[in-house]
Amino acid sequence: MKQLEDIHRQAIEYTKMKIYEDIDYYLGANEQMLSFSQYIKDRAPFLAQVWQNVWSNKATNKLSRFHKKEYLKKKNYVIEDMNKKTLNQAFRKEVIEFRPLNVNSLLHSIFEDQPEKWAKRYAYARERYLQEEKERQIKQERYAYQEFLCEEAEQWLSKNSENLFLTLRHKLALKLKTDLTNRVKYHETESRYLEEPLVEVGPFVVDDYPRVEDFFEEFTGNLHKVMIKNKWYFEYETYYFEYEQMVGETLHTLIQQALLLQLGQDHIDKYQSLFHHSLTGEKLLDLIDWEDLIPNALGRIMEDYVNDLLTIANEDFDLEEQRSLYEIQIKERKMKRKQEERERRQKEEQQQRMLNDIFASAYESRKNIYQKFVLHIGETNTGKTFQALEKMKAAPSGLYLAPLRLLALEVYEKLNNEGTPCSLKTGEEERETSGATHLACTVEMFYEKDDYDVIVIDESQMISDKDRGYAWFKAITKANAGEVHIIASKNAEAMLLQLIGDSNVEIHRYKREAPLEVDSEEFTLKNVKEGDALICFSRKRVLETASMLQRKGHQVSMIYGSMPPETRKKQVNRFTAGQSDVIVSTDAIGMGLNLPIRRIVFLETEKFDGTKRRTLTSQEVKQIAGRAGRKGIYPVGRVAFFDRIKLMSGLLSQVDAPIESFAIAPTSAIFDRFLLYYRDLGKFFELWDLFESPKGTKKATLSEERELYELVRGTEIEARMPLKDLYSFLHLPFSKKEADLIRQWEQTMYSIIDHEELPEPRLRNRNLEDLEYSYKAIGLHLLFLYKLGQHTEAIYWERVRDDISNHVFERLDDDIANMKKTCKRCGKSLAWDHAFNICDDCHKNQPSRRRRYYKR
C-alpha cells in the first residue's frame, strides 16, 4: 500500500528528529559529557515508546478512512457497521506491527564505537544549551525591567491622575469657550436621518446649557461612523463624540510626556541597552491601563456647569490655582445641586398635587350605597339585553347606552313600536319623539348630569377596550339613576363589582338555551346551507364570498364594518324575513345582532388587528359563535371552521381570564379643572402622559386627538377658538384614518372661526367605495351640525344620507353580481377558491425580496 509506505518513511524521519532533540537536551544540560551507554540506560523508557507514538499517530491521522478499511479487511475484520472511533482503535492496534523500527539498533548504528561522533554531538548540544540559557537570562532581565517600568508608571499615574484631570479640564474649557463663541446651533433632528439636512438656528446661547452634558447633545455639523450590532452606520455627530476624541488625544500626549520626564535619562539609557531600541512614550502607555481615564474624565467634565468652565477658561493655567478653584466650584456645585434637587422635588410635588386635582378624583370607585345596580351576566344570545330593556320600558324614564349606532337605532324603533316614546341621539343624528321620556344613544353620548329612573349599559365588557373602554367606565361610575342595569360577559363580573363599590347589587346570570355544537369536519363552500352565516375579516373577502355564493344560486345578505347602519339593517331584515338564505359578515355580526342563524362558519381563523395578523382570541370566537341558534327556530347552534378545528374548538370552550384592567380617558369635568391651571392644549396632552393611572386601569392614548391637534396647533383655529370647544371637536367620532375626512374636518373648523356657513361635504358616486365614503362625509358634517345646534340643516342632510344608504343597498347587489376575482398585478381572472390575490405567473416572476440595510 503506497500511501502507508510514504507515511512510514515520514514517521522514521520524524522519529530521528525527536531522538536528536532528546540527545541535545540530555547532553547540553551537563557540564561534563555523559557516555552513550549512560544515555541509552537513562532514556530507555522514552526510546522504547517514541517510535510507537510517532508511527501510530501519523498512520491514524494521515491515512484515509477508505484505506484504513482496506487494511483491516486484509486482517479479516468485519468493517461494515464500524463507527469512526471503533475503526481508528482497531487500525491503531493492527498497524503498530507494520514494519516496526528498532530505535536502539538505529542509535547503536550511529554512535556505538564512534566516541568522536558522540563528543562532537556533545559539543554542539552544550554550545546550543549555553546560548539558549543566555537568551533566557536576557529575556528574564527584560521582563523584570518591564515590570519595573509598569509599576513605576502606574504609581505615577495613581499619584498624578488628579493633576492630569485639572490640566485636561482647562484645555477643554478653552475649547468650550471657543465653540460656544464661534460655532452655530442646528435644529434638532434624529441623528441617523441623514436625508434631512441640518438647518442652522444661529449662535449658541450660553444660558440654554446649564451643564456641559446639555451642550454635548448638540450637533457639530459633521458626520461620523458608529458601529451598531457589528455594522457601520453614518450619523450626524454630536459634541459628545468630538470632546471624547479630544479627551483621549490630550491624555495620550500628556501621559507620554510626563512618564518619560519622570523616568529620567538613566532609565531611558538602560532600556536602550537591554532592548536595543529607544524607549518612547507610546511603549510606556502600552504597559498601563491608561484608557480607563477617558470615560472617567469625560463623565466628570459632563457634570460640570458650563459657567464654571467658562470661568477657568479666562484664567492662565496654574496647577495649584486650578486645584483651589476646582475645590471651590465643587463645594458650590454640591450646594447648587441640593438646591436644584429641592426645587425639583417641590416642582414634582406641586405637579403631583395638580395632577391629582385634575385627574385622580375622576377615577375613584362609586360610593353611593343608595343606588341599585343590576348586573346581567352571561354569554352571547342569552336574552340579557331583552330583560334589561323590559325593566327600562316599565320605568317612568330611561336611558339605553349602546356600543353601536345600529343598536341604538334598533332600541329606539323597538320602544316606539311597543308604545314607549323614545328619542335617539348618536352624534350623527338626533330624533326627537314627542312626549319621549326615554332615550337611546351610543355610549359616547352619555352625559353624566342627566337624571333617569333606569339606565341600561350594554356590552359592558368593552370597558377593557383600549380605544373606547373609557366611555363604559364613565357611564358605569357616573350613571345618575336610581337603578342601573349593566349587561356584560362573565369575565367582566369581578371588575364591574369592584367599580360599583358598596352600592346595592343584584346579579342575574344567564345561560344559553340553544347549546353550541362544533362540526367535526372542516367546512368547504360546497357545504353552504340555508341559515348559515359565513365569517371573514375584510370587506373585500365579504364581497367576493357573497358574489361567489350568488353565482351558485344562493340569495345572500352582507354585513361589514364600513357599511351604513341603515344598509346593514336592510341586509339583516332580508335574512330575517327569509329573502336571503345565507349571510356573509365580518366580526361586526358579533355585537348586538340577534338573527335566525343555524350555523356560524369561520372562513378565517386569523384577523389583521391594525398591526399584524393574529389568531382569533377566545372571546372573539365566543362572541361570534354565540350568534348561532335561535329559540323556537334552531334549538342547537352549530359552529364550523374552515381549518384548525381542534385549536378553535379549544378557544370556544376555554374559560376566559377575568378582565383585570379597563381604559380611562379625560372627561369634560377633568378638562374644566385643567383650565383652572393652563390655557394650552398641548400642555393638557403632556399632563395626561405624566398622569399615572390608578392600578388596574390603562390610559387611552388619545393618539387620534393628538394628530388632529397637530393640524391646528399654532394656527388661527387654536388662537381664536375657545380651548374647551376645540378639545370637544378633536373628540368627534369619525374615521380619522381617512385623509379626505380629516381635510373636511379642518375646513369646517376654519369656517366655524370665520363665522361662515359650514362647507358642504363632497359627495362621490362612481362606485360602492365612493358611496360609502360619501355616507361617512355626511356623518361628519352632521356631527358638526348637531354640535352647533343647526338641527334644521341636519334634517336635510339626514335625508341625503338616507338616499345614499339606499344607493349603497342597491349598488351592493349590482356589484356582487358583476364581481370577478382578478390578479392585482396583471388583471387576469382568478378562480374564486384561488388562495392568493395574485396569479401563479405573477407570483413566479416577482423579484425576490432582499433584506435592506441602512447604508450611507
Side-chain angles (χ1 to χ4, degrees), residues 378-383 489 510-539 541-561 563 568 571-607 615-654 816 832-833:
E379 300 172 350
T380 303
N381 211 359
T382 54
S489 58
Y510 298 78
K511 292 186 178 180
R512 288 181 59 91
E513 295 184 4
L516 292 176
E517 293 184 2
V518 178
D519 288 359
S520 59
E521 299 293 328
E522 288 184 347
F523 176 83
T524 66
L525 288 169
K526 297 176 182 177
N527 298 330
V528 175
K529 296 180 181 178
E530 183 179 350
D532 281 351
L534 278 59
I535 309 300
C536 37
F537 296 101
S538 72
R539 173 186 178 279
R541 184 78 187 273
V542 167
L543 296 178
E544 287 180 350
T545 305
S547 180
M548 178 179 58
L549 291 174
Q550 188 160 298
R551 290 168 191 266
K552 292 179 179 293
H554 291 280
Q555 295 299 314
V556 186
S557 288
M558 291 156 281
I559 297 174
Y560 51 83
M563 179 183 286
R568 188 185 310 186
Q571 293 287 335
V572 167
N573 289 343
R574 283 178 59 184
F575 184 74
T576 304
Q579 295 171 3
S580 59
D581 58 316
V582 178
I583 190 166
V584 184
S585 174
T586 62
D587 49 354
I589 202 173
M591 190 169 292
L593 295 177
N594 292 318
L595 302 169
I597 297 172
R598 181 184 70 87
R599 177 172 61 171
I600 288 284
V601 178
F602 288 83
L603 295 182
E604 298 179 271
T605 55
E606 294 182 338
K607 67 178 289 189
T615 300
L616 299 175
T617 66
S618 170
Q619 185 60 34
E620 287 169 338
V621 174
K622 291 174 184 175
Q623 187 80 15
I624 298 168
R627 295 301 166 191
R630 186 73 177 265
K631 184 178 179 182
I633 303 177
Y634 301 117
V636 174
R638 303 209 63 80
V639 184
F641 298 98
F642 189 75
D643 59 5
R644 304 166 80 186
I645 294 177
K646 186 175 180 181
L647 173 63
M648 293 296 115
S649 298
L651 293 176
L652 186 60
S653 59
Q654 179 178 309
I816 65 168
W832 285 109
D833 58 354

Candidate pair I816 and L549, rule side chain to side chain contact (heavy atoms under 4.5 Å, CB included), full reasoning: CA-CA 10 Å; I816 65 168; L549 291 174; over 6 Å; no
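Within the 3.5 Å criterion, the main-chain N or O of E530 finds a donor-acceptor partner in the side chain of R598. Checking side-chain atoms of Q571 against main-chain N and O of M558 turns up a donor-acceptor pair under 3.5 Å. Not one N or O on the side chain of R574 forms a donor-acceptor pair closer than 3.5 Å with the backbone of Q555.
Qualifying side chain to side chain contact (heavy atoms under 4.5 Å, CB included) partners for N527, counting only residues two or more places apart in sequence or in other chains: F523, T524.
Here the side chains of L616 and D587 are not in contact, with every heavy-atom distance at 4.5 Å or above. With a 4.5 Å cut-off on side-chain heavy atoms, D519 and V601 do not count as touching. Within the 4.5 Å cutoff, the side chain of P596 has heavy atoms near those of the T576 side chain.
The 12-atom threshold is exceeded at CD of Q579, counting heavy atoms of other residues, nucleotides or ligands nearer than 6.0 Å.
A cation-pi arrangement, defined by a distance under 6.0 Å to the six-membered ring centre and an angle within 45 degrees of its axis, is present between R539 and Y560.
Listed here is the closest heavy atom pair of E379 and T382: O-OG1, 2.8 Å. Pairing each heavy atom of I645 with each of E521, the nearest pair is CD1-C, 3.5 Å.
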